[in-house]
Amino acid sequence: MKITLKDGSVKEYAEKKSVYEIALDISEGLARAACCAKINGETVDLRTVVEGDCELSICTASDEEGLAALRHTTSHVLAEAVKNLFPDAKLAIGPSIDTGFYYDFEHAPFSREDLDALEAEMKKIIKKGAKLEKFTLPRSKAIQYMEERQEPYKVELIQDLPEEAEISFYSQGEFVDLCAGPHLMSTKNIKAFKLTSSSMAYWRGDSNKARLQRIYGTAYFKKEELAEHLERMEDAKRRDHNKLGREMELFTTVDVIGQGLPLFTPKGTKMLMKLQRWIEDLEDKEWGYVRTKTPLMAKSDLYKMSGHWDHYKDGMFVLGDEEKDKEVYALRPMTCPFQYFVYKNTQKSYRDLPYRMSETSTLFRAEDSGEMHGLTRVRQFTITEGHLVVRPDQMVEEFKGCIALAKYCLTTLGVEEDVTYHLSKWDPDNREKYIGEPEVWNQTEQHIREILTELNIPFVEDVGEAAFYGPKVDINARNVYGKEDTMITIQWDALLAEQFDMYYVDQNGNKVRPYIIHRTSMGCYERTLAWLIEKYAGKFPTWLCPEQVRVLPISEKYEAYAEKVLRALKARNIDAEADNRSEKIGFKIREARLAKVPYMLVVGQQEEEQGLVSVRSRYAGDEGQKPLEVFMDQICEEIRTKEIRREIVQEENGR
């Protein structure tokens, strides 16, 4: 048989061989470094036997697939360590993930001391260097095997597989786990790992099922790579919006109010107001939108008409009981059906389209408690929501316009390089989740595919991520821990106009169904604020800062001049404060730096006599003395243009 390697060379063998044997034949070094392989593009275990001609790529920890196999094996070592130290723990699942791996256990919460003890036990297991051996059992025997080992979660997983399935297991010494692989050949190939944290997790992600304890960890082939990763994680903790946003007094949460219901402090509220005013002016004055204001709740009749009652009811806050109450209401999870009736309020002709409606929409969604985090996933949130009612011949250009508006917002915020684009498609194997016929879905998905291609926007396609009424473009970003969230969405809807009897009158006097684009321009305000906190580590562009300037008198004698400067700044709509505390100027400067204020204006005798301010900034350190009017002109221009200035790292030693 002929084996074509990834460098194009060919190996020939007269008899079948395992992937590991082929790697060993190529070089002992490659065999030692090998983690898994790809045969004709499919990821396989090193133990896989090659029986015919194929393309073979042997993966090391330098490859994505190889690193995943290394981490998956490390998760098995963790599971063995847990069973050694906590024999009563029950095993659930332990996959590799983008940042490492995790394993879920039925057990009491794990402390940091427990994790340290588990790390020590894992090192002992790795030092023994047990080989990982793969074996299979018929489904019935596999169930019996795990029942005898008293692992109920593994039994449930096996029971969900087809009766004719052959179930694979991996052993490492006396420890055995249900697993499809791939895995390393031996535990001794694990060179560097760390258990990073633990938290609660629901079995199979279902809040109605058992509460488990999840241990997170990571692993690399080299200790240097692990050290770099841990440093990145420390930086992520420093940037985590859920921590930093509270420290900066931007938002808080209170148990008696409820999970997923953040309270915004004056500073956080000011930032949200700046974003909202920017977006509303942008949409209304530059992009041709009309603004609406619609109710926060509606009768169930509205949601039944739109289809949300059938497809989204579990995610809604329902007020009332259909069996007992004459009328049942629900807090709105979206604004589209409300805006449809704004459109229908007056008859529209083909000349009135496109009709672009936008609203700063507060929405409500019944998120599971285990899914919520900080500002990124909450139960009440506000979005830059809009719906464009268009003629079919306008659809493509208007869809492009929505993408252009989204890109403009991302560029202005300085995050355009941090996103990925996704074509979210329907799942034809899950028809009950969607409305409409397959040909409509195929046509609309192809339109979006062609638009993204024409605009030279790289994208990936995600099956099953479409809205129930149409495909969409999702613009996603990762948080500091690598979790991906959707920031902006643009949806193609060729179906709901029929359900709401929406039409326009064409040039021949005929009633014609329009198309609808559902879109956000900047996305969700709460999630965007979280994103910006982490992106800038709290050092926001000047225009967004809740405090843009702090005036610092060097002593009490100059408080009057400091107040005069403050009044002048506020008269120019600059967000400023004065620090009149009886503290040394060096202390005041350090405090302002810790508060991440962009500009500090130090004032004393010389400044007062000459109408000057001594400017210190995050961007250039000591910028010297300037006339107050010159400084105000400069910062106002920076705010107006929403300039993003590059920051410097500089120690402030006082005046």
Side-chain angles (χ1 to χ4, degrees), residues 71-72 74-126 146 149-157 175 177-179 193-219 226 229-230 233-234 236-238 240-244 246-247 252-262 367-379 479-483:
R71 290 169 169 175
H72 195 178
T74 311
S75 79
H76 277 223
V77 173
L78 166 61
E80 181 179 355
V82 168
K83 294 296 285 188
N84 288 351
L85 299 186
F86 308 100
D88 293 335
K90 303 300 180 188
L91 305 176
I93 57 172
S96 65
I97 54 177
D98 287 348
T99 56
F101 61 87
Y102 69 80
Y103 210 114
D104 290 345
F105 305 91
E106 183 187 280
H107 189 264
F110 293 97
S111 66
R112 182 65 247 182
E113 290 73 19
D114 291 334
L115 300 189
D116 293 341
L118 287 168
E119 283 185 1
E121 183 67 17
M122 290 172 69
K123 289 176 182 177
K124 294 178 183 177
I125 294 168
I126 291 168
M146 278 301 173
R149 300 177 80 91
Q150 298 181 3
E151 296 291 355
Y153 299 101
K154 300 296 184 181
V155 171
E156 182 178 328
L157 291 172
F175 177 78
D177 203 351
L178 169 73
C179 190
F193 74 92
K194 181 70 178 177
L195 300 183
T196 54
S197 64
S198 64
S199 65
M200 189 276 291
Y202 290 111
W203 172 233
R204 294 187 152 182
D206 187 340
S207 60
N208 296 314
K209 295 185 183 295
R211 294 164 66 97
L212 306 175
Q213 298 302 316
R214 176 172 295 177
I215 296 178
Y216 286 98
T218 193
L226 175 63
H229 171 82
L230 294 177
M233 289 299 98
E234 285 302 311
K237 291 177 183 178
R238 291 189 289 268
D240 184 345
H241 83 275
N242 204 22
K243 174 178 180 291
L244 184 55
R246 296 171 193 271
E247 292 174 350
T252 187
T253 52
V254 181
D255 288 342
V256 295
I257 291 175
Q259 192 177 10
L261 300 171
E367 300 283 1
D368 290 337
S369 59
E371 292 294 318
M372 286 182 290
H373 173 71
L375 301 179
T376 57
R377 193 169 291 275
V378 291
R379 286 175 171 157
N479 67 13
V480 288
Y481 298 110
K483 183 181 181 299

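The shortest side-chain heavy-atom distance between R149 and K83 does not fall under the 4.5 Å cut-off. L157 has its side chain within reach of L178: a pair of non-hydrogen atoms, C-beta onward, lies under 4.5 Å apart. The shortest side-chain heavy-atom distance between D177 and E151 does not fall under the 4.5 Å cut-off. The closest side-chain heavy-atom distance from N84 to F175 is not below 4.5 Å. The shortest distance between side-chain heavy atoms of L195 and F110 does not fall below 4.5 Å. Using a 4.5 Å heavy-atom cutoff, the side chains of I215 and D114 are not in contact. Using a 4.5 Å cut-off on side-chain heavy atoms (C-beta onward), V77 and F193 make no contact. The shortest side-chain heavy-atom distance between T74 and M122 falls under the 4.5 Å cut-off.
In this structure, F105 has its ring center closer than 6.0 angstrom to the ring center of Y103.
Closest non-hydrogen pair, T253 versus P262, comes out as CG2-CA, 3.9 Å. Of all non-hydrogen atoms in L78 and L118, the two that sit nearest each other are CD1-CD1, 4.3 Å. A pairwise comparison of heavy atoms in I125 and E80 identifies CG2-OE1, 3.4 Å as the closest pair. The heavy-atom pair separating S198 from L115 by the smallest distance is N-CD1, 4.3 Å. The two atoms that bring V378 and G260 nearest to each other are CB-O, 3.3 Å, heavy atoms only. Closest heavy-atom contact between H241 and T376: CE1-CG2, 3.6 Å.
Taken to the nearest 0.5 Å, the CZ atom of R246 stands 5.5 Å off from the OG1 atom of T252. Atom CE of M233 and atom OG of S197 lie 10.0 Å apart (nearest 0.5 Å). Here the straight-line distance linking atom NE2 of H107 with atom CD of Q213 works out to 9.0 Å at 0.5 Å rounding. Remark: K194 NZ to E119 CD distance equals 4.0 Å, nearest 0.5 Å.
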| said: One pair to check against side chain to side chain contact (heavy atoms under 4.5 Å, CB included): L212 and Y153. What are the steps and the verdict? | reply: CA-CA 11 Å; L212 306 175; Y153 299 101; 3.6 Å; yes

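R238 CZ: more than 12 foreign heavy atoms inside a 6.0 Å radius.
Without hydrogens or angle criteria, T196 side chain to Y216 main chain gives a donor-acceptor distance under 3.5 Å. Put simply, the side chain of R71 gets close to the backbone of A219: a donor and an acceptor are under 3.5 Å apart.
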Donor-acceptor contacts under 3.5 Å from residues 85-100 side chains, at least two apart:
unit_1	atom_1	unit_2	atom_2	d
K90	NZ	Q150	O	3.0
D98	OD2	R478	NH1	3.4

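Note that R214 lies in the cation-pi zone of Y102, set by a 6.0 Å cut-off to the ring centre and a 45° limit from the axis.
With sequence neighbours left out, the salt bridge (Lys or Arg N to Asp or Glu O under 4.0 Å) criterion links K209 to no other residue. Shown here are the salt bridge (Lys or Arg N to Asp or Glu O under 4.0 Å) partners of E156, two or more places apart in sequence or in another chain: R204.
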